[in-house]
Every structure is written in C-alpha cells, then in structure tokens.
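Single-structure report; data block below.
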Amino acid sequence: MSLSRSQTRVAIPREGAASWLRFGDPVLLLAGLGLTAFGIFAMYVAGADDGQSYALDQLVGFVVGLAVAVPLALVDYKYLKRYLWWIYAAAVASLVFVLVFGAAAGGAQRWIFLGPIQVQPSEFVKTMMVIVLAGYVADHYAGNSATFLRSLALISLPALLVFAQPDLGTALVFGAVFLVVAFIGGAKLWQLGALLALGAALSALAVRLGILADYQVARLTAFISPESSSDYGYQVVQSQNAIGSGGLTGKGLGEATLGNLGFLPEDQTDFIFSNVAERLGFVGSIILLVLFFVLIWRILHISTMARDRFGLLLAAGLGTIFLFHASVNLGMAMGIMPVTGIPLPFISYGRSSLVVSVISLGILQSIAMRSRAESSRQLGA
Amino acid sequence: MIRNLLGNPFGTPGKKNRKGGRESAAITKARMQVRVVILGVLVAVIFAVLISRLWYLQILSSDDFTVSAEQTYTREVKVPAQRGMIYDRDGEVLVDNVPGLNVTVVPSAIEREKLGELAGILEADEDRVLGLYDAAMESGSLHSPILVKEEAGRDAVTYVSERTREYPGLSINDDYTRNYPVGETAAHVLGYTGAITEEELAREDYEGFDNDAIVGKSGVELEYESLLHGTPGAEVYNVDAQGRIVGEDQQLDAMGRVAGGENEEGEPPDPELAERIEEPVPGRDLTLTVDLDLQQTVEEELDEALVRAREEGYDGQAGAALVMDPEDGEVLAMASRPDFDPQLFVGGITGAEEQEEYEYLTSEEAGSPFSNRAVSGTYPAASTFKAFTGMAGLAFDAIDPSSTFTDTGECWRPRGATEGCWQSWRQFLDTGTNHGTQDYEDALADSNDKFFYEVADLIWNGTSDPNLLPEFYERFGFGQRTGVDLGSEEAGRVPDREWQQEAGQTEEDRYWSVGRWVNLSIGQGDLLVTPLQLARSYAALENGGTLVTPHVAREAGARGGGDTEDLTPEPAGSVEFTQQEISSTVDGLRAVTEPGGTAVAAFEGSPLSVIGKTGTGEMGERDPVGWFVGWAEAQEEPVVVLVMVEGAGGDQVAAPAVRGILEARHTGEESPGSDVTPVPTESAGRAAGAPAEDNAGEPPAAPAG
C-alpha cells in the first residue's frame with residue numbers, strides 16, 4: 001500500500017462501470033439505505049396528517065441525491081482533486097450569494113431559491129469543504145505550522161460566512177472537520193491544542209463583545225439547567241419528556257404524543273429524534289443509534305482501507321460530518337449537548353441535507369471501490 | 001511506540017520527518033490510518049455515552065417522564081363534589097348546598113399584582129388569596145388553581161369574564177356553595193365553612209385537598225371535615241400546545257376553562273371527548289342528634305332569659321343552654337349567645353354590609369360570638385355543686401340524710417379557726433332571715449351554704465387526704481374534657497393541693513387549707529366548669545351513675561339506607577354511689593322546685609315534677625353567672641336541661657327557661673315564659689357581694705361582717 005504503487009495503478013485504463021460496482025461497500029450501502037428508510041418513515045409518522053407529503057419530499061430528496069451519488073461512485077474520486085480550487089470557489093461564492101440574495105427564515109438567512117426549489121447551500125458547502133481540505137492536506141504535511149495555518153485559513157472563510165447567516169451549528173461543523181482532517185493529516189497535538197485554546201478564548205471574547213447573540217448563548221447553555229432558562233430550557237425539557245415517556249416500546253403510532261400535540265419544538269427537524277423516540281421507545285431508538293454507529297464505523301473502515309492519502313482524509317472528513325451531526329443532534333435531544341440546531345442526517349426533514357448525505361455516501365463508495373479494486377488487482381496481478 | 005505511530009506529534013515540525021524532500025512525506029499513510037483508528041475509539045466512546053443516556057431516559061426514568069409528559073398534554077376540567085349535607089335527628093335539613101359560581105385562578109398564569117386587583121373586584125379576602133398565591137409559588141405547585149372567590153356575584157363574574165385577557169388563568173366554575181337554611185339556629189353546633197388557608201393546606205389531615213377547597217372552620221363542619229368533604233372529580237382532556245382539545249376545535253386554558261373566541265361565557269367541553277373521567281366522590285351526609293324543633297325552643301328560651309336578665313339590670317348578653325339525653329349523651333339542643341349566622345362566611349366576607357357585620361362580630365363589644373359557651377365557657381358551678389358536696393358527705397360518712405345543721409345567723413368557721421366569718425346568702429343578701437335547722441334535703445332545697453361548709457369541714461377533719469374532696473368531684477367528670485365531638489372544648493378546673501402549689505402567686509396563696517375545701521363545697525373558689533360538664537354530671541345523677549360521652553353526631557352516610565356508620569361514642573365511665581346517697585340527693589333537688597325551695601317561683605303551677613338546682617356563681621368583679629340544671633321526673637324519655645346566663649341569677653333568669661324547655665319537650669306546651677313573680681331568693685342580689693374569692697387559710701371577709 002505504498003504511495004508510489006497506488007499512484008502507478010491509477011493510470012491503468014478503466015474497465016466497464018459494472019465491474020467496478022461489485023467492489024462497493026455493501027455494509028455502508030445497507031446502513032445508508034436503512035437510515036434513509038427510517039427517515040422517510042419518521043417523516044410519515046411525524047408529519048401527522050401531512051405525513052405522506054413530507055415522506056414524499058424526503059423520497060424525492062433521496063432520488064435526487066442518488067442521481068448525483070451513483071455517477072460520483074462510479075467515477076474515480078481522484079478527479080475531484082483536480083477541481084479543488086473550482087470547488088472552493090463555488091462553495092465560497094454560494095455562501096456569499098446566500099448572504100446577499102438569500103431568503104431569510106426564523107431570523108437566519110440560509111436559503112436560496114433555484115426556480116421553485118429551495119436550497120440550503122451551507123449543507124453542500126460542508127461536503128465541498130471536506131473535499132477541498134482533504135485534497136490540500138493530502139499533499140501538504142499538516143504538522144508543518146505554515147500548512148496548518150494555511151489550511152485553517154482555507155476553511156475559516158466559509159465557516160465565517162456560515163456563522164454570519166447566522167448558523168452557529170454549521171459553522172461548528174467546519175471546525176470539527178478541520179480538527180479531524182488536520183489531526184489525521186499529521187498535525188501536532190500542541191497545534192490542535194493551541195487552536196482549541198484560541199477558539200475558547202475567541203468564544204469568550206465573542207460572548208463578551210456581544211458578537212454571539214443572547215439567544216445563541218442561551219441556547220448553548222440551556223441544557224445545563226433547563227428549568228431555569230425559559231424558551232430553550234422548555235425545548236430541552238419537552239424533548240426529554242418526549243423521549244423518556246416513550247419508555248421501552250414507545251407510545252405507538254396512533255397515540256397522542258407531545259410531538260403531535262405541538263409541545264415539541266422543531267419536531268420534524270432538529271428534534272425529530274425525540275418525536276420518533278416517543279413513539280417507538282427504546283427499541284426503535286436503539287435501532288437508529290446502531291444504524292448511525294454502523295454507518296460511521298464503516299466510513300472510518302473505508303478511510304483506513306483507502307487507496308491514497310486523499311481518499312483516506314476524504315473518508316475521515318465525511319465521517320466526521322456524520323459523527324458531529326449525529327452526536328450533537330442526539331445529545332441535544334437527550335439533554336446532554338447544547339441546543340445548536342443542526343439536523344440529524346437522513347432523519348431530519350430537509351432535502352438539501354438528505355441530498356448531500358446521499359452524495360457523500362456516493363463519494364465514499366467510490367473510495368471503497370478503488371481500494372477494493374486495488375487490492376483485488378494486486379491479488380490478481 | 002505511540003509516539004512512533006502518531007508520527008511524533010510533539011516533535012518540532014518539518015525537520016526530523018522530512019524524508020523524500022516533500023512535505024507530505026512527513027507522515028506516512030500507515031500513521032494516518034492509526035490516527036483514523038483513534039478517531040474510531042472516540043466514536044465508540046461517543047456512542048456508548050449516547051446509548052447510556054438513552055437507557056437512562058427511556059428505561060430508568062421512564063415513569064417520571066411519563067407523568068411529566070402527561071401533565072403537559074392533558075387538561076383537567078374539575079367536576080365539583082357536593083359536601084355532605086347535615087340533618088337533624090328527624091331528617092330536617094340543617095345544612096345543604098346550592099349551585100353557585102366559584103372563581104379560581106392558576107398562579108403560574110397571573111401576576112401577583114393582577115391577582116390582588118382581581119380579589120378586590122370580586123370582593124374577596126385579598127390577604128388570603130395572596131397568601132395562597134405566595135404559598136403556591138414557593139411550593140412550586142404553580143399550575144393548580146387557587147380559589148379567589150366562592151359564590152361570586154353575577155355582576156362581578158360578568159365583569160371579569162369580559163376581561164379574561166387582563167386576568168389570565170382565570171376560571172369560573174359551576175360549583176356548590178354551602179347553605180344554612182336555619183340561619184343562626186344551632187350555629188355553634190353546625191359551625192361554618194370557608195376557603196382553605198395555606199396553614200390548613202400544610203396540615204397532614206388535609207393532605208390531598210385542592211388549593212381551592214372549602215373546608216369546615218368550626219363546629220361539626222370542622223369536626224367531621226374528613227367525612228363531609230367530597231373529592232372533586234375531573235374530566236381529563238388531551239390538548240395540543242395551543243390548548244385545543246384533540247379532535248375538536250375547542251381551546252382550554254391552563255385550568256380547563258374553555259377560553260377565547262366569541263364564547264366568553266365558557267361553555268363546558270363535550271365530556272365525550274375526554275380522554276378519561278374521574279368521577280367526583282361526594283362527601284358523606286351527617287345526621288345529628290339535634291332536634292331542630294327543640295333547638296328552636298331552646299334558642300327562644302335562652303333569648304327570653306337574656307331579656308329577663310337585662311330587665312333586672314344585668315348585662316344579659318351572653319349565655320348557653322343545652323338539652324342532653326342522660327342515657328346516651330345525645331345532645332338534643334345546644335345554644336350559645338351571642339351567636340352568628342354561618343351564612344356570613346359563605347363566599348368569604350363580601351361587601352360593605354358583611355364587612356361591617358364581621359367587624360362587629362370580631363370586636364370586643366360583641367362578646368366572642370364564635371365561642372360556643374356550652375363547651376368552651378368555664379364558670380364557677382356555684383350552688384349547683386352542692387349536690388356533689390352532699391353526695392361526698394354521705395359517701396365519706398360525714399353526714400347521714402337526717403343530719404342537721406342549725407343556722408342562727410352567727411358566723412360559721414371551720415373547726416379550730418378563731419377568725420373569719422362565713423355566712424350564707426340569707427345573711428349577706430340581708431333578707432333578715434336565717435336558714436334555721438335543716439337536714440340535707442332542706443339544705444339543698446334552700447341552698448344552705450353553711451350546711452355544705454359544715455359538710456366540707458367534717459370531711460376535712462375525718463381524713464388525712466388533702467385531695468379527697470376534689471377527687472370526689474372529679475369522679476363526676478369535672479376538670480376533664482367530656483370528649484364531645486365539637487372542637488375547642490375546655491377542661492375546666494378542680495383545684496387540688498398540687499394545683500394550688502403551682503398556681504399560687506404568694507406563699508400564702510400556695511397554701512392548701514380547709515378554707516379551700518369550704519369554698520369548693522359551694523362551687524366557688526378556683527373551681528371552673530363548662531355547662532356541658534355540669535349537664536353531664538347531672539345526667540349521671542339521673543341515670544344511676546353512667547358518665548356519658550356527650551355528642552352531637554349520630555350517623556354518617558346517606559339518609560334512609562345505604563352505607564351508614566354509627567357515630568355514637570362509648571360512655572366515658574361511671575360513678576358509683578349507694579341508693580341512699582342518690583335518693584336523698586334527688587329528694588333534695590326535687591324540693592328545690594317545691595314550696596320552700598329556691599326555684600319554687602319559677603316552677604309554680606308546672607305540670608312537671610322537676611328535679612334540679614339553681615346556682616349563682618361569683619365572677620369576682622364581673623356580674624355573676626346564673627345556672628339552672630335539672631330534669632323532669634317520671635318521663636319516658638327524660639332529658640337533662642341546663643341554662644346558663646352570664647351576668648344573672650339562677651332562679652329568676654335561668655330556671656324559667658329550663659321550665660319552658662322541659663314543658664315544651666314533655667308536654668308540648670309553650671312555657672309561661674317570664675311570667676314569674678320575683679321573691680327574694682338566693683340569686684336576687686348576689687352580685688352585691690358573696691363569699692369572696694377565697695383567701696388561703698383565712699375565712700373570706702363576709703359581707704355581713
């Protein structure tokens with residue numbers, strides 16, 4: 001698995017697409033399909049009377065995602081690296097476009113309209129930035145402080161643009177992605193430590209100077225003492241009430257729940273898990289958790305099996321997005337993480353998020369296929 | 001090893017790791033893979049935490065969260081429960097309920113200031129309401145409604161219901177309010193009701209009561225609270241976050257009242273939509289031993305007695321009367337003056353008129369109208385006590401029925417005393433007469449003080465036990481509560497040596513001597529009895545020695561069948577005496593109402609043969625207290641009747657009232673009332689002076705001397 005050998009193999013002429021396909025990762029495929037199905041089912045349940053249309057929306061998201069993901073899986077991911085700067089430019093441009101022309105909802109400017117379709121560019125930018133960062137760090141030793149700072153600067157621009165929407169949760173995703181990619185790319189622990197310390201200092205300063213709005217601070221701290229802080233505390237309390245009252249087997253699909261009676265805030269998006277957990281109980285919730293675990297575990301497995309540094313970093317970065325979203329969202333619903341308002345991949349209502357998740361899986365399959373192809377070729381050679 | 005695998009994470013960047021001239025060579029792919037594995041460990045830890053948390057929420061704490069969730073999405077509409085009715089012994093209604101409007105408010109929904117304002121508009125007791133509010137805020141039971149106003153007026157209800165936005169959390173409920181159709185009659189027995197206070201809520205026996213409960217405050221309303229109190233039911237509805245009942249476009253506020261929209265009056269929700277219904281449990285009915293007709297007679301007679309007292313120049317504002325079945329202690333009637341109307345308290349003290357009345361009733365001038373003097377008033381028993389002194393003399397062989405004592409007008413002194421002068425009423429009232437030579441029977445009839453001084457002195461000299469006489473009195477239940485089922489009963493007091501030593505202020509005062517006994521013998525000194533105690537002791541004379549437990553409640557449960565519970569208590573004990581002791585005492589008491597007796601005028605021409613005793617108790621500086629207690633002989637259903645008037649004599653004020661009550665009871669006729677010819681008797685001017693409150697070891701300074 002040396003660098004030189006893999007580089008030479010890439011040059012081998014491609015065979016038919018069908019023969020690549022069988023080298024994909026079936027476990028990842030099943031976990032992805034399982035989560036998508038769970039998500040569509042969740043929409044059907046959570047949407048109450050409108051459940052069908054919500055479920056259909058998600059299904060459309062899945063199909064759209066698939067339409068992009070399948071070609072991406074078939075095409076060698078190395079081509080992505082050729083367009084790194086184009087991708088970066090597109091990401092930043094879309095975020096600037098949102099800030100200037102975007103549609104506001106709930107106090108934040110996050111969406112743009114492409115004809116009749118509402119798109120949330122920041123969802124796409126997350127994945128795009130993983131590609132950019134992985135591509136850069138693959139060729140530059142992250143332990144080198146100059147490289148470290150350059151890659152930090154690279155990701156800071158879109159992160160700040162997202163933060164300005166404002167969307168603190170997504171901005172934090174960029175931070176997590178950077179930490180993981182830089183770490184795997186060889187960054188020293190003191191570099192990462194210094195970065196975290198700087199981040200903490202800046203956060204404190206931001207609170208002091210009022211750059212973080214009061215509501216953002218309130219949200220972040222609500223989970224510590226939910227009873228004392230009014231609105232966000234209410235969300236946290238109701239979310240735990242919903243999950244806890246689900247018990248072992250849940251209240252069932254037709255019963256009155258905090259979710260369908262409107263006591264759960266954002267019951268189809270941020271707090272979808274609470275809604276589902278209330279109806280399906282521990283049994284249903286644990287299935288969902290296991291699906292996520294398998295998904296992320298498998299992504300990391302693909303990362304270790306990747307053909308090259310780029311593939312390795314790319315898979316780890318994409319895995320980080322899923323990990324961060326799942327753990328922060330589930331932790332928030334269960335009252336052990338701040339309320340940051342980031343969706344649960346595959347499950348929360350939102351087509352942009354689902355499309356991006358499916359596309360990510362396509363890229364990951366591409367990485368998996370090339371590593372398998374690689375090893376089988378080696379065996380066969 | 002790790003350092004090696006991680007690619008020297010602590011190393012100086014860029015030098016040692018430089019291998020092929022390219023920066024990227026600084027970390028090998030193998031080391032990157034190791035770092036991915038480290039990330040994998042982190043993932044495992046994160047999921048372990050998430051699953052533990054899920055386990056905690058859904059398995060370990062599920063029950064708590066289920067309760068909490070249910071509270072969130074259900075609303076209760078209270079279904080009122082009727083408080084138990086109270087009947088007299090024949091089923092006449094004494095207390096019932098009428099439909100009324102109660103105004104409640106949910107503490108969490110309204111500000112303190114607004115609530116005070118609301119209380120003002122509804123003429124409710126602002127202090128009580130705000131007290132409940134503060135208690136609710138402190139205890140955290142913010143969502144349980146508190147009662148602002150019971151039996152709110154229509155106008156006020158209309159006013160506030162048009163301003164539900166201004167007074168959030170407000171709710172107007174159909175409920176029952178207490179009704180006292182007989183007004184002031186038997187008010188002290190029945191008691192009254194009112195909104196529960198925060199102190200009561202904190203009490204153990206009121207556990208589980210709602211914040212807006214109506215509870216008894218005195219009388220049987222209080223004594224039988226747990227029995228009379230109903231448990232309100234509830235219709236529980238599932239509502240959404242906007243308060244709409246599920247499946248119906250109806251909105252309930254936090255309290256359960258249909259709110260908002262055009263429908264300001266608040267139509268109740270359709271019970272068919274309720275998720276579940278908790279049926280209210282009405283309170284149990286109570287049947288008293290009281291006979292309403294007799295009660296009314298007793299009240300009238302007592303009032304007339306007070307009029308007579310005032311005509312004689314006494315204060316005549318206060319008194320008590322009671323009729324008791326001597327066999328089992330059933331109280332057939334009990335009245336106390338001054339009195340009050342329990343209806344005053346229904347719905348709280350509302351309006352200028354009620355406020356004025358309440359202020360008067362609680363003023364000093366009113367003379368404690370809420371106090372039931374029959375059970376909580378304590379007075380010297382005076383001459384009514386002579387019967388027990390006589391019984392003691394016979395029991396301790398100090399005298400026999402034929403023993404005589406001759407009064408020549410000389411001062412009486414205990415044996416061995418050289419100073420002091422005890423006289424009887426014939427001397428210090430300046431009647432110009434003496435008692436002459438009288439035996440026990442004559443002495444009772446003529447209420448001969450000196451005869452009973454002599455009895456006490458003889459017993460004193462025949463024993464070494466300084467408490468022998470006080471303890472004899474205690475056998476008849478004096479000095480102890482009777483155990484009547486009415487609150488605030490007093491025990492009274494029979495002074496003995498130990499009490500004297502404790503209570504005495506000076507050395508002299510602490511000394512227990514024959515003089516104390518002598519004063520006790522005529523029911524004076526430091527003796528205090530309640531009217532009920534005295535009636536019970538006479539009942540023991542009537543029934544052959546059973547010390548009954550007086551009571552006013554007879555039966556709990558629905559009238560006319562069903563699940564009833566007998567509330568009759570066991571007797572408290574018994575007193576032993578010989579046939580000779582009782583018959584000579586009864587003979588003496590009969591002679592009281594016969595020619596030569598102190599109460600002959602009051603009972604002249606009565607068809608009944610009445611056995612009883614007058615008494616005029618000295619109250620120091622205050623007006624004396626007048627007694628008559630007794631029963632009519634040879635009746636199928638005898639009753640002991642007692643009338644006590646504060647500030648009057650016993651024979652002309654109290655005795656005619658007892659006659660009236662006995663005749664109404666046994667002959668069904670109205671009494672001749674106050675139609676009594678005054679003759680100089682024991683009570684006629686005792687206020688002027690008497691054996692003064694005793695002085696230890698020294699004979700009281702007799703007014704005659």
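Sequence lines set the chain letters: A, B, ... in the order given, protein chains first and strands last, and positions in each chain run from 1.
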Is there a donor-acceptor pair closer than 3.5 Å between any side-chain N or O of B/R35 and the backbone N or O of A/G185? no
CG-CD1 distance between B/L39 and A/I299, expressed to the nearest 0.5 angstrom: 10.5 Å
Please classify the contact of A/F292 with chain B as side chain, backbone, both or neither, using a heavy-atom distance under 4.5 Å. both
Atom group of A/L312 that falls short of 4.5 Å from chain B, counting heavy atoms: side chain
So CD1 of A/I184 and CD1 of B/I27: to nearest 0.5 Å the spacing works out to 9.0 Å
Value rounded to 0.5 Å, distance of CD in A/Q240 from OH in B/Y56: 7.5 Å
With side chain to side chain contact (heavy atoms under 4.5 Å, CB included) as the test, would you mind laying out the steps for B/T66 and A/N241 before giving the verdict? CA-CA 7 Å; B/T66 302; A/N241 275 343; over 6 Å; no
Any chance you could measure A/M334, atom CE, to B/L50, atom CG, to the nearest 0.5 Å? 4.5 Å
Considering all heavy atoms of both residues, which atom of A/L289 and which atom of B/F47 are nearest to each other, and what is their separation? O-CE2, 3.4 Å
Under 3.5 Å, is there a donor-acceptor pair between the side chain of B/K29 and the main chain of A/T304? no
Do you know which of B/V49, B/V43, B/D63, B/I46 has the most heavy-atom pairs under 4.5 Å to chain A? B/V43
Taking the six-membered ring for Trp, are B/Y73 and A/F263 parallel (under 30°), tilted (30 to 60°) or perpendicular (over 60°)? tilted
Which heavy atom in A/L313 sits nearest to a heavy atom in B/M32, and how many Å separate them? CD1-CE, 3.9 Å
Take atom CD in B/E113; do more than 12 heavy atoms of anything else shown fall under 6.0 Å from it? no
Honestly, the part of A/A333 sitting under 4.5 Å from a heavy atom of chain B is neither
CZ (B/R53) and CE (A/M337) are apart, to the nearest 0.5 Å, by 12.0 Å
Mind ranking A/V290, A/I286, A/L192 by heavy-atom pairs under 4.5 Å with chain B and telling me who comes out on top? A/I286
With a 4.5 angstrom heavy-atom cut-off, could you sort out which part of A/F322 is near chain B: side chain, backbone, both or neither? neither
Do side-chain atoms of B/Q58 reach the backbone of A/I243 as a donor and acceptor pair under 3.5 angstrom? yes
Ranked by heavy-atom pairs below 4.5 Å to chain A, first place among B/L42, B/L60, B/L54, B/D64 goes to B/L54
How close do B/V36 and A/S303 get, counting heavy atoms only, and between which atoms? CG2-OG, 3.4 Å
Please determine, among A/G250, A/A316, A/G281, the option with the most heavy-atom pairs under 4.5 Å with chain B. A/G281
Short side-chain to backbone donor-acceptor contact, B/S62 and A/G244, under 3.5 Å: yes
